[in-house]
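Taking it in order: structure first as C-alpha cells, then the write-up.
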Amino acid sequence: MQSTNAVNQANYLEYRGRFKGLFGWIFSTDHKRIGLLYLYSMAVMFSVGVLLGLAMKLELLAPGKTIMDAQDYNATFTVHGVIMIFMVVVPGLPAVFGNFLLPIMIGAKDVAFPKLNLLSWWFYVAGVFLVLAALLFGPGTPDTGWTFYAPYSFKTGTNMLPAIFGAFILGFSSILTGLNFLVTIHRMRCPGLKWSKLSLFVWTLYGTAWIQLLATPVVGITLVLVALERLFGVGIFDPALGGDPILYQHLFWIYSHPAVYIMILPAMGAISEIIPTFSQKHIFGYKAIIASTMAIAFVGYLVWGHHMFTAGMSGTAQYYFSLLTFLVAIPSAIKVFNWISTMYKGSINIQTPFYWAISFIFVFMIGGLSGLVLGALAANIYVHDTAFVVGHFHYIVFGGTGFAFFAAIHYWFPKIFGRMYDKAWANIGWIVFTIGFLTLYSPMFYLGMMGMPRRYYDYLEEFHGGNILSTFGSWILATGFIIIIVNLVRSARRGEKAEMNPWKGKTLEWTVPSPPPVENFDEIPEIAEDDGPYNY
Amino acid sequence: MEKVTHAPHDHYDAEASKIGMWLFIFTELLLFGILFVIYSVYRYLNHDAFHLAAAELDTFTGAVNTLILLVSSMTIAMSVTALQKNNKPLTLLLNGITFVIGVVFLVNKYFEWGAKFDHGIFPGSATLAETLSQGEILFFGLYFIMTGLHALHIIIGLVFIAVVMWKVARGKVHAGRSALLENSGLYWHLVDIIWIFLFPLFYLIV
Amino acid sequence: MSDEKTHIVPYRVYAFVLVALVVLTFLSIAITGYDLGKYTVAGALIFAVVKSFLVLTYFMHLKYDKPYIKIMVGFVFAILVVTIVVTFLDYLYR
Amino acid sequence: MYSSEITQASNFVKGVDLTFLVILGISFFFLISLTVLMIVFIYKYNRKRHPVAKQIEGSTKLEIIWTVIPLLLTLLMFYFGWAGYKPMTKVPDDAMEVTVYGRMWNFSFEYENGKRTDTLFLPKDKPVKLNLVAMDVLHSLYIPAFRVKQDMVPGKENNFMWFEPQKEGTYELFCAEYCGLQHSYMYSYVNVMEDTAFQSWIADTTQVLAENIDSPTATGKRIMQNIGCFACHSLDGSRLVGPSFKGIWGEEITVVTDGEERQVVVDEEYVRRSIYEPNADVVDGFNKGLMLSYEGQLSEEDVNNIIEYLKTVN
Ligand code: HEA
Ligand code: HEA
Ligand code: CUA
Ligand SMILES: [Cu+2]
C-alpha cells in the first residue's frame with residue numbers, strides 16, 4: 001500500500017491543543033488519545049478486579065473463614081464480576097485498540113463523531129464512579145452476583161441502585177462507541193478501500209458494533225426495571241405480585257450472551273492480524289473469516305437460553321437453545337482452522353505477540369470446547385452453576401479476550417508509544433503468566449465435575465485439594481502479570497525508539513510513523529485495485 | 001468519498017449524521033421492543049386480567065393523543081420540505097406546531113395519570129395490592145412504565161426540536177445543512193411509531 | 001458532500017399520508033368494537049404495523065433512502081420479531 | 001467425573017456420563033491434534049528453516065470440509081445431550097412424591113404422610129418426584145451423585161424434578177443457585193436406604209411422639225431444626241442474619257413498627273407475632289423482609305413448643 005508519511009505534523013503524544021497537560025487529554029477528541037484514556041482507566045479498573053480475584057482465591061484456600069466473611073465474599077465476587085465484565089472486557093479491545101486503530105486502518109483522520117467519542121469515555125468514567133460509589137457509601141456493597149438475578153436483587157438490603165445505574169451508563173457508553181464505529185466504517189473509508197479490502201480487525205469491530213448497538217439496550221431497560229422494582233414495587237419480576245423471575249433471566253441473557261461475543265470478536269480480530277504478520281503470509285480464508293465473524297454476531301443473538309437450562313424453561317426452548325448453541329460454535333471452529341492454516345508454509349518470526357497469539361489459540365480452544373460440554377443438555381444439568389462454568393468462562397473470557405489483549409498490546413505497542421519494550425522480559429512474563437493461568441483455572445474443571453457449586457464461600461473438605469492448587473496458580477499468574485506490566489510501563493517511557501513498521505505488517509497503520517501524527521495522514525491514502533490488507 | 005482537505009472536525013457529512021441517527025433509533029426500538037416482549041409474555045400469562053384492566057383506561061384520551069401525535073409527525077416532516085425550499089418562516093412555524101402539539105400531548109398525559117393516581121392506581125399503591133389481581137397489577141405496572149418512558153422521549157424530542165428551531169432561526173441549519181432538522185424529525189417519528197403500538201395495546205384491546 | 005442530491009418531498013404527499021393514518025386509526029378503533037375473540041390482538045397489531053410502515057416509508061423518508069439503510073431497518077425489526085418468537089418458545093410450551 | 005466408584009447412583013448417571021465422554025473425547029482429539037499441528041508448523045516453517053513464505057490465500061474445499069465435519073460432530077453432541085436429558089422430564093406415574101421447601105438458607109422435606117425432615121430419606125430403586133417450592137428467592141436443588149439439578153422458582157407451578165436412586169448411601173445435596181449470605185451453607189444430605197428400611201422409617205412416628213411426651217422444649221428445638229430457623233438465628237449469641245436467640249426471653253428490645261421505633265419485651269405474644277408476621281415489628285439493626293411468615297407451615301402447637309424452647313435458651 002502506498003505510504004503517506006506525515007512527517008511534518010507533531011505526533012499525537014506531544015501535540016499541544018487548546019489545553020495543556022491533563023486537560024489536553026481528557027478534553028481531547030483525538031481518537032488516539034481517547035484510546036489511551038480508555039487504556040489507562042481500564043488498567044486501573046482491571047487491577048482492582050484482579051486484586052478482588054486474588055482475594056477470593058485466598059479465601060478459598062481452605063474451608064471455613066480464611067480472610068473474610070461470607071458477606072464480604074459475596075460482595076467480592078459481585079464486584080469482581082461487574083468490573084471485569086462491564087468495565088474491562090466489554091469495552092476492552094474496541095474501546096482501546098478500536099479507537100486507536102480503526103480510523104488509521106481505514107485511512108481516515110478520525111472517527112465520524114469525535115465529540116461523541118469523547119462523550120463515550122466520559123460516560124464510561126461516570127459509570128465507573130457510580131459503581132464505585134455503590135461500594136463505598138450506603139448500606140453495603142451489592143451482593144447479587146454480576147447477573148443481578150431477580151428476586152434476590154430487589155430483596156437484598158445492599159446498595160443496588162447506584163450499581164444498577166452505573167451499569168446502565170456503562171451500557172450507554174458502549175452503545176455510543178458502537179454507533180460511532182458503524183458510521184465510521186460506513187462513511188470514512190479512504191478511496192479504493194472496498195468492503196472486501198478491510199482488515200479483519202475492522203471487520204470484527206463492525207460485527208461487534210452491531211451487537212453493542214442492538215443488545216445493550218436490552219440490559220439497559222432490564223436493569224432500569226429492577227431499579228423501578230426496588231423503588232416502587234411495580235411487580236414486573238416479583239413473583240409475589242405476579243411477575244416471573246424467569247422472564248428476568250431471559251432478558252438478562254438476551255443481552256449478556258451476545259455480550260460474550262462483544263468480548264471475543266475483537267479479540268479474534270486482533271489474532272487475525274497478528275498471525276499473518278508474523279507468518280509473513282496472506283491470511284488463509286479471508287472471506288471465510290469474515291463470514292464466520294458475521295455468523296457469530298448473528299447466531300450469537302439467538303442462543304441466550306443456554307444459561308437457563310435448569311431454570312425451568314419449556315422443553316421446546318431447551319432443545320432449541322441447545323441446538324443453536326452448538327451451531328454458534330462452528331464459526332469459531334472455522335476461525336481456529338484458518339489461523340492454523342495461515343501458519344502453514346509461512347515464514348514464522350517468533351516474537352512476543354506471536355507467543356501470545358498461539359497461547360490464545362490454545363486456551364481459547366480449551367475454553368470453547370468446555371463450552372460445548374455446557375451446551376449439551378444432559379451435561380449442563382450436571383455442571384451448571386458449578387466451578388466447571390467458572391473454569392469455562394475464565395478460560396474463554398480471560399484466556400480469550402485477556403490473552404488477545406496482551407497479544408494486541410505487545411503487537412501495537414511500538415505504534416502507540418513509538419518505543420519498543422524489552423523483548424526478553426516480555427517473553428519471561430508471557431511464560432510465567434501462562435503457567436499461572438493453567439494452574440489457576442484447570443482445577444476448576446475438576447472441581448466442577450466433582451460437584452462443587454460456584455459462588456460458594458465455604459466448601460466441604462473433599463474440594464480442598466483442587467482449591468489449593470488453584471490458589472497457588474493465582475500467585476504465579478500475578479507474578480507474571482507484574483513482570484509484564486512493569487516491562488510495558490518502563491518501556492513506554494524509556495524504551496528504544498521504534499521503527500515505523502517493526503513487524504513488517506501490511507495493514508495501513510504500519511504506513512504511518514510511530515507514534516502517529518495528530519491527523520494520522522497528511523494526505524488520505526488511496527488503495528489500488530489489486531492491493532489488499534494481507535498481500536505480502 | 002472525495003478528498004477531504006480541511007480538518008476532520010468541521011467536516012459535514014449529511015449521510016453520516018443520518019445513519020448515526022438511524023442507528024440511535026435502532027437502540028431505542030430495542031429498548032421499547034423489550035418492553036413489548038414483557039408485555040406480550042404477561043398478556044399471554046394473564047389474558048383475562050389484561051382485558052379487565054385495559055377497560056379501565058380511557059380510549060378517548062388515548063385516541064386524541066394518537067391523532068394529535070400523527071398530525072405533529074406530519075408537520076415536522078413538512079418542515080423539512082419547507083427548509084429545503086428555503087422557506088425559513090414556514091419551517092419555524094411547522095416546527096412550532098409540532099412543539100405545541102407535543103406539549104398538549106404531555107398535558108393530556110398529565111391529566112390521565114392524575115386521574116389514575118386519584119383512584120389510588122399507581123405503582124406500589126395499597127389499592128393496587130388490595131383490590132386488584134396480579135395480572136392487573138402487572139398491566140398497570142407496564143402501563144406506567146411504558147407510557148412514562150414514552151413521555152420521557154416526548155420531552156427529549158421537544159428539547160431536540162427547540163434546539164433545532166433556535167439553530168434554524170440563527171441560520172445555522174439551512175437548506176444546505178439540514179441534517180439536524182431531519183434528525184429531529186426522525187426522532188419525533190420514532191416517538192410516534194412507538195405510540196402507534198402503545199395505543200392499541202393499552203387502550204384498544206379490551 | 002453537502003450538495004448531495006436530496007429528494008424534496010412535496011407537502012401534499014405528507015398530507016395524504018396523514019389522512020391515511022387517521023383513517024387507519026379510526027378503523028382500528030372501530031374494529032375493536034367487534035368481538036373478534038382471539039384475533040383482537042392480531043387485528044389491532046396489523047393496523048399498527050401498517051401505520052408504522054407508512055410512517056417509516058414516507059415521514060421517515062425510507063422510500064427515498066439508499067437500499068442499505070432500508071436493509072438495516074428491516075433487519076432490526078426482524079431481530080425484534082425473532083427475539084419475541086424465541087422467547088415464546090419457552091412460554092408457549094411450558 | 002464425580003467419584004467414579006459410586007457411579008450408577010441414579011438412573012440418569014449413565015446418560016449424563018456418556019454425554020461427557022463423547023464430548024470430552026471429541027474435544028481432546030481436536031485440542032491435542034490442533035495443538036500438535038500448530039507446534040509442528042511453528043517449528044517447520046520457522047523463519048530460519050523457511051525464509052520465504054509461500055502465499056496461499058485459501059481453499060474453498062478445505063473451508064467446506066471444516067465446516068461440515070464440525071457440524072456433524074456438534075449434531076452428534078447435541079444428540080447425546082438430548083438423549084441423556086429427555087428422560088429427566090418424564091416422571092413415571094408411580095413415583096413417590098416428596099415436597100421440598102427451599103428458603104434462605106435451608107431445605108426441608110415433607111413426605112406424603114406429613115413427616116418433615118431436614119435430610120432427604122429415600123428408598124432405593126423407587127422413582128421419586130420432588131415437588132419444589134421456593135419460599136423467598138431462587139434456589140436450586142443439586143445432587144451431584146445423581147446428576148440432577150433444578151432451580152426452585154418462587155411462584156412457579158409445576159416445579160419438579162425426579163430420579164430413581166439406585167445405590168444405598170449418603171450423598172450430598174447442595175443449593176446451586178446463589179441465594180444470599182448463607183448460600184454456601186445451604187446444603188444437606190440424601191440418605192438412600194433399602195425399601196424395607198425406608199418403609200419402617202417413614203411409618204415410624206414414635207420418635208416424634210416420644211419426644212412430644214418427653215418435653216416440649218426438645219420438640220421445639222427439633223421443629224426449629226427441621227424447618228431451618230438456625231440458618232439465621234444462632235443459639236450462642238453470635239450474630240447471623242437474624243438476632244441470636246440466646247437469652248432473648250424477657251429481654252427488652254427496640255423494634256421498628258411502621259417506621260417508628262418502640263420498646264417491647266419478648267413474650268409469648270411477641271414471639272408468635274415474630275413468627276407469623278415477622279415484618280410487623282422489625283428488630284432494630286436487622287433487615288426487613290428476610291424472615292418470611294411461617295403462617296400455614298407451623299401450627300399453633302408447633303409455635304407453642306418453639307416458645308417453650310426459646311424460654312430455655314440462655
Ligand atoms: C468471551 C466470552 C465467551 C465466549 C466466546 C463463550 C463461548 C461459548 N460459550 Fe460461554 N460463557 C461465558 C463467556 C463466553 N462463552 C461466560 C462469561 C459464561 C458464564 C456466565 C455466568 O453464568 O456468570 C458462559 C457460560 C456458558 C454457558 C452456560 C453455563 C451454565 O451456566 O450452565 C454455556 C452453555 O451452553 C456456554 C457455552 C458456550 C459455547 C458453546 C461457546 C462457543 O462459542 C465456543 C466456540 C469455540 C470452540 C468450539 C473452540 C474452538 C474450535 C475448535 C478447537 C475446533 C473443534 C470444534 C468442534 C468440533 C465444534 N457458555
Ligand atoms: C475478564 C474477566 C475476568 C477476569 C480477567 C477474571 C480474573 C480472575 N478471576 Fe474471575 N470472574 C469473572 C470474570 C473474570 N475474572 C466473572 C464474570 C465472574 C463471575 C462473578 C459472579 O459469579 O457473579 C468471576 C468469578 C470468579 C470466581 C468465582 C467466584 C465463585 O463462584 O465463588 C473466582 C474464584 O476464585 C475468580 C477468580 C479470579 C482470579 C483469581 C482472577 C484474576 O485475579 C487473575 C489475575 C489476572 C491477571 C494477573 C491479569 C489478566 C489480564 C487480562 C485479562 C488482560 C488485561 C486487560 C486490560 C488491562 C484491559 N473469579
Ligand atoms: Cu439457596 Cu443458594
Ligand atoms: Cu452464553
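Here is the naming used below: chain letters follow the sequence lines, and residue numbers restart at 1 for every chain.
- The distance from the CE atom of D/Met77 to the CG atom of A/Leu377 is 14.0 Å, given to the nearest 0.5 Å.
- A perpendicular orientation is assigned to the rings of D/Tyr178 and A/Phe77, their planes being inclined by more than 60° (bins at 30° and 60°).
- Interface remark: D/Lys156 contributes side-chain atoms only to the contact with chain A (heavy atom separation under 4.5 Å).
- Residue A/Ala150 touches chain D through its backbone alone, counting heavy-atom pairs closer than 4.5 Å.
- The contact between A/Phe354 and chain D is made entirely by side chain atoms (from C-beta outward), counting heavy-atom distances below 4.5 Å.
- Here the side chains of D/Tyr187 and A/Leu460 are in contact, with some heavy-atom distance below 4.5 Å.
- Comparing A/Gly346, A/Pro239, A/Ser279, A/Ser341 by how many heavy-atom pairs each has under 4.5 Å with chain D, the most go to A/Gly346.
- With a 4.5 Å cut-off on non-hydrogen atoms, D/Thr60 does not touch chain A at all.
- Between D/Thr19 and A/Ala378, the closest heavy-atom pair is OG1-CB, 3.6 Å.
- Residues D/Val52 and A/Ser347 have side chains not in contact (no heavy-atom distance under 4.5 Å, counting atoms from C-beta outward).
- When heavy atoms are compared at a cutoff of 4.5 Å, D/Phe146 does not approach chain A at all.
- Relative ring orientation between A/Phe337 and D/Phe30 is described as tilted, the plane-to-plane angle lying within the 30° to 60° band.
- Of the two parts of A/Val383, the backbone and the side chain both hold a non-hydrogen atom closer than 4.5 Å to a non-hydrogen atom of chain D.
- Classified by interplanar angle (parallel below 30°, tilted 30° to 60°, perpendicular above 60°), the ring pair D/His183/A/Tyr456 is perpendicular.
- Between A/Asp458 and D/Ser184, the side chains place no donor N or O within less than 3.5 Å of an acceptor N or O (distance only, hydrogens not considered).
- Side-chain contact annotation: A/Tyr286 with D/Glu57, donor-acceptor N/O pair under 3.5 Å absent.
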